Amino acid sequence: VDEGGYGEIVEGTAGDLVVGDLLLSDPSLDAWVVVESVEPDIVDEDALAIEYRDLESGDEGLMTVADNELLTYRHPEAT
């Protein structure tokens, strides 16, 4: 994805995500979302609930992932 204002594409654990990151939500579709919140999951203490907004459509969504799951993301560049 060629979104200005973001750093290099990196892989890291879900626990490394911060609000404002671009997250690759579906690698097969090259679909990126903007992370809006990262909170502990209320059902599974070893998981994180990630609220996001789709970069293309603007639709909101929620995904739950293990806190140590490897994800592909980009942090915003420091201004």
Side-chain angles (χ1 to χ4, degrees):
V1 68
D2 268 341
E3 294 301 319
Y6 288 88
E8 294 294 315
I9 295 172
V10 296
E11 282 195 350
T13 63
D16 293 333
L17 288 176
V18 295
V19 172
D21 282 351
L22 286 184
L23 172 63
L24 184 61
S25 63
D26 188 338
S28 65
L29 298 175
D30 195 33
W32 292 81
V33 298
V34 178
V35 175
E36 295 199 326
S37 77
V38 181
E39 303 287 337
D41 185 68
I42 59 173
V43 176
D44 183 351
E45 65 184 32
D46 294 324
L48 295 172
I50 302 168
E51 291 184 30
Y52 63 85
R53 184 170 304 275
D54 187 275
L55 202 56
E56 297 286 320
S57 68
D59 292 341
E60 295 178 349
L62 174 71
M63 68 174 71
T64 304
V65 297
D67 58 7
N68 61 354
E69 183 172 335
L70 280 180
L71 301 171
T72 301
Y73 59 89
R74 297 172 70 187
H75 289 305
E77 291 179 341
T79 54

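Keep in mind that this is a model prediction, so the values were computed, not measured.
Taking both residues in full, the closest heavy atoms of Pro76 and Gly20 are given as CG-O, 3.5 Å, listed atom of the first, atom of the second, then distance. Considering every non-hydrogen atom in both Glu8 and Arg74, the closest pair reads O-CG, 3.7 Å. Between Leu62 and Tyr52, the shortest heavy-atom distance links the atoms N-CE2, 3.4 Å.
Within the model, atoms CG of Asp21 and OG1 of Thr72 stand 12.0 Å from one another, a figure rounded to the nearest 0.5 Å. The distance from the NE2 atom of His75 to the OH atom of Tyr6 is 11.5 Å, given to the nearest 0.5 Å. Rounding to the nearest 0.5 Å gives a distance of 9.5 Å between CG of Leu24 and CG of Leu29. Rounded to the nearest 0.5 angstrom, Leu48 CG and Glu69 CD are separated by 10.0 Å.
Hydrophobic clustering of Ile, Leu, Val, Met, Phe, Trp and Tyr side chains at less than 4.5 Å, counting indirect connections, unites Val34 with Ile9. Using a 4.5 Å cut-off between side-chain heavy atoms of Ile, Leu, Val, Met, Phe, Trp and Tyr, with links allowed through other members, Met63 and Val38 fall into the same hydrophobic cluster. Leu22 and Ile50 are members of different hydrophobic clusters when ILVMFWY side chains are connected at heavy-atom separations under 4.5 Å.
In this structure a side-chain-to-backbone donor-acceptor pair under 3.5 Å is present from Asp41 to Val43.
Asp54 is listed as a side-chain neighbour of Val33, based on a closest heavy-atom distance under 4.5 Å.
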**Request:** For the pair Thr13 and Asp67, evaluate side chain to side chain contact (heavy atoms under 4.5 Å, CB included) and give the outcome as yes or no after the intermediate values.
**Result:** CA-CA 7 Å; Thr13 63; Asp67 58 7; over 6 Å; no

**Request:** Go through the steps for Tyr73 and Leu17 under the test side chain to side chain contact (heavy atoms under 4.5 Å, CB included), then give the verdict.
**Result:** CA-CA 8 Å; Tyr73 59 89; Leu17 288 176; 3.7 Å; yes

